Amino acid sequence: MPTTTLFTVPPSPPTTTKRSSLSPSSPSSVASTTTSHFPNVDRLAFLIEKSKSVNHILQIHAALLRHGLHDHPILNFKLQRSYSSICRLDYSVALFESTEKPNVFYWTAIMHGHAQCGLHEQAIFYYVQMLTQGVQPNAFTFSSVLKACSLQPGKAIHSQAIKFGFDLDLYVRTGLVDVYARGGDIMSANQVFDTMPEKSLVSLTSMLNCYAKHGKLEEARALFEEIKDRDVVCWNVIIDGYAQHGLPNESLLLFRQMLAAKVKPNEITVLSVLSACGQIGALESGKWLHSYIKNNGIRINVHVGTALVDMYCKCGSLEDARMVFDRITDKDAVAWNSMIVGYAMHGSSQEAFQLFNEMCRIGHQATDITFIGILTACGHAGLVNNGWGFFNLMKDQYKIEPKIEHFGCMVNLLGRAGHLEEAYDLVKNMKIKQDPVLWGTLLGACRLHGNVSMAEEIAEFVLSHNLANSGTYILLSNIYAAAGYWDGVARMRLLMKDSGVEKEPGCSSIEVDNKLHEFLAGDLRHPQSKQIYMMLEEINSWLKANGYTPQTDIVLHDLGERQKEQCLQVHSEKLAIAFGLISTRAGTAIKIVKNLRVCLDCHGVMKQISKITGRNIIMRDRNRFHHFVNGSCSCGDYW
DNA sequence: TTAGGGTTAG
């Protein structure tokens with residue numbers, strides 16, 4: 001019986017056993033098949049199909065040439081397909097072109113090969129050529145070419161499939177659902193799907209994917225619940241749908257259900273679940289998943305490795321991230337970027353720069369994302385000159401046109417460092433479309449440096465050019481509040497109310513024993529609420545004893561001093577830290593994730609708590625990580 | 001009178 005170990009060199013066989021040329025047991029024996037035995041076509045066909053590397057295929061190809069079998073229609077066809085399957089389209093095309101009068105099998109295979117390798121236009125070109133040469137397509141042809149179609153050509157192929165009578169074929173229909181799904185035409189996808197004469201698990205999954213990809217999670221869930229024998233692909237689609245559309249908790253919940261349903265996760269599953277862990281900042285769950293991967297034979301290839309690096313960075317453990325990163329053997333630019341961006345968000349600028357140099361040294365091309373990481377690193381460290389240096393390097397040497405995100409990093413860097421005019425000029429003069437977020441960044445810098453006049457000038461421009469969003473009103477309101485212009489605050493609140501804008505409430509979360517606990521400001525919903533508030537009282541007495549003054553001026557409401565203090569005391573991050581202190585062992589680090597930027601008062605309080613309790617506190621806010629150790633923060637109070 | 005081809009997750 002042939003096995004997949006055919007291409008490994010076996011222990012030396014007894015010399016008395018005559019090895020048949022029909023069952024070669026090593027690559028060289030394929031190529032050196034020169035005995036009188038005529039190779040069996042089935043056997044060679046099998047060997048071609050089993051081949052996974054270009055060398056194996058080339059050896060078999062050579063053997064075919066030696067035996068004059070290269071013209072054999074099936075072997076030639078299989079060879080062509082085999083080269084395509086490893087994306088060696090050069091060989092595949094050469095074979096195809098040397099085939100006299102290729103039949104529909106050859107045409108379909110060459111289309112499929114190109115579609116598979118992402119050469120979509122080429123695949124469609126072959127389809128047109130085939131028709132021009134009078135070869136009739138069949139159902140296989142349509143399902144192959146559809147893989148290469150975006151919405152417009154897809155519609156044309158759809159009509160042709162109807163014309164040739166293959167549109168009811170299960171595979172063709174599934175391909176059509178997929179075309180409409182990819183093109184975002186959910187209505188048409190639905191219509192094609194609903195009118196399918198029969199539905200397979202694959203077609204159901206294709207429709208499920210359509211909903212999940214486009215954030216139609218309710219529809220996706222309803223369809224998912226209807227599917228009887230869910231396979232791993234099905235689960236992957238729904239888990240990823242939640243992970244990519246802002247519901248990472250739901251994604252983790254489904255992952256647990258998948259395990260309970262005894263469906264074995266694969267590489268694709270863990271990519272989505274790791275992303276979900278990263279979004280939540282769930283380090284314990286992420287670590288558990290890492291061990292699961294190791295214990296269940298899921299290979300840590302460059303994709304899984306990068307997802308792990310990303311998860312560890314976002315969950316606050318740079319050490320674990322770096323350990324995984326160093327073990328990735330075939331790092332691509334994405335892997336390097338994830339580690340560089342990780343260092344950047346922790347404010348480890350020097351490490352980010354070092355890694356960037358290392359990446360360049362070994363010949364990896366930096367991408368636009370690399371520069372986002374590097375410029376972010378400059379921003380967190382206030383390195384204005386370095387920032388300009390990298391920004392220009394990117395444009396001039398790497399020929400990467402700065403995108404809105406790069407301008408965002410620069411405006412943030414300049415604005416934060418007090419170079420307000422420079423930042424203003426950069427935004428005014430940039431050649432790409434004006435963006436509300438960028439103006440928001442600039443307004444944020446005006447707020448930080450108390451420049452009310454520039455803020456008002458910008459506000460006027462932004463409001464009159466329809467560039468305001470919810471953030472603009474909030475920022476302006478905050479700027480007025482900080483300057484004590486309560487009239488201005490009232491005006492902005494009115495504008496916000498009229499435009500239906502609501503401020504996103506601050507929310508902090510903390511993971512204890514694999515369970516996520518979320519807190520809003522002043523939250524009383526937690527079962528241990530009473531103990532949490534008692535702990536808060538204790539913290540307050542510690543702070544008082546240490547002479548800490550609450551930063552009441554950051555409370556942007558027109559309230560009295562005592563009320564402002566009370567307002568600060570129940571900020572979500574304070575509830576989370578209080579819960580962390582009562583629910584974890586003394587000495588363990590506490591990790592908190594906040595959806596907004598940490599406020600000045602909470603930042604000061606965290607520093608004090610780290611000193612008083614001797615605990616390390618790691619806090620991820622919307623902007624970056626803060627590591628509080630013994631009374632100081634890794635951000636150096638610059639954030 | 002034959003063999004060979006296709007659809008879903010990343």
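Throughout, a chain's letter reflects where its sequence line sits, starting with A, and its residues are numbered from 1. It should be emphasised that the depicted structure is a prediction, and the values quoted were computed from it without experimental measurement.
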Per atom distances to the A/Val172 side chain, the nearest of B/dT7, B/dG6, B/dT8 is B/dG6
Do A/Asn138 side-chain and B/dG6 base share a donor-acceptor contact under 3.5 Å? no
Using the benzene-type ring in the case of Trp, are the ring centres of A/Phe371 and A/His406 under 6.0 Å apart? no
For A/Asn103, which contact category applies under a 4.0 Å heavy-atom criterion: base, sugar-phosphate, or nothing? base
Over all strands shown, is A/Asn266 touching base, sugar-phosphate only, or nothing at heavy-atom distances under 4.0 angstrom? base
Taking the side chain of A/Ile74 as heavy atoms from C-beta outward, which of B/dG5, B/dT8, B/dA3 is closest to it? B/dA3
Would the A/Phe356 and A/Trp336 ring centres measure less than 6.0 Å apart? no
For A/Phe105 and B/dG4, are the ring centres under 5.5 Å apart with planes inclined under 30°? yes
Whole-Å gap separating C1' (B/dA9) and NE2 (A/His303): 13 Å
Rounded distance (Å) that lies between atom C1' of B/dT8 and atom CG of A/Asp229: 16 Å
Separation of atom CZ in A/Phe46 from atom P in B/dA3, rounded to whole Å: 20 Å
No-hydrogen, no-angle side-chain donor-acceptor test under 3.5 Å, A/Arg221 and A/Tyr211: no
A/His290-A/Tyr312 aromatic ring centre distance below 6.0 Å: yes
From CG of A/Asp240 across to C1' of B/dT8 the rounded distance in Å is 13 Å
How would you label the contact of A/Lys199 with the nucleic acid (heavy atoms, under 4.0 Å): base, sugar-phosphate, or nothing? nothing
Any side-chain N or O of A/Lys147 under 4.0 Å from OP1/OP2 of B/dT8? yes
What is the distance from CG of A/Asp332 to C1' of B/dG10, rounded to the nearest Å? 14 Å
Rounded to the nearest angstrom, tell me the gap between atom CZ in A/Arg182 and atom C1' in B/dT7. 11 Å
Near-ring test A/His112/A/Phe140, centroid separation under 6.0 angstrom: no
So what does A/Arg81 hit on the nucleic acid, given a heavy-atom distance under 4.0 Å: a base, only sugar-phosphate, or nothing? sugar-phosphate
Figure out the CD1/P separation between A/Ile268 and B/dT8, and round it to whole Å. 13 Å
A/Glu198 CD - B/dT8 C1' separation (whole Å): 15 Å
Of all the nucleotides listed (B/dA3, B/dT7, B/dA9), which has the minimum atom distance to the side chain of A/His72? B/dA3
So what does A/Asp169 hit on the nucleic acid, given a heavy-atom distance under 4.0 Å: a base, only sugar-phosphate, or nothing? base
Please work out if A/Val104 contacts a base, only the sugar-phosphate, or nothing of the nucleic acid, heavy-atom cut-off 4.0 Å. base
Between B/dG4, B/dA9, B/dG6, which nucleotide has the shortest distance from any of its atoms to the side chain of A/His112? B/dG6
Taking N and O atoms by type only, does the side chain of A/Thr205 place a donor or acceptor under 3.5 Å from a partner on the base of B/dT8? yes
Please confirm whether the ring centroid of A/Phe77 lies under 6.0 Å from the ring centroid of A/His72. no
Candidates B/dG6, B/dG5, B/dA3 - which lies nearest the side chain of A/Ser143: B/dG6
Would one find a side-chain N or O of A/Asn209 under 4.0 angstrom from OP1 or OP2 of B/dT8? no
Using a 4.0 Å heavy-atom cut-off, does A/Ala109 contact any base of the nucleic acid, only the sugar-phosphate backbone, or nothing at all? nothing
Per A/Thr108 side chain, nearest of listed nucleotides B/dA9, B/dA3, B/dG5: B/dG5
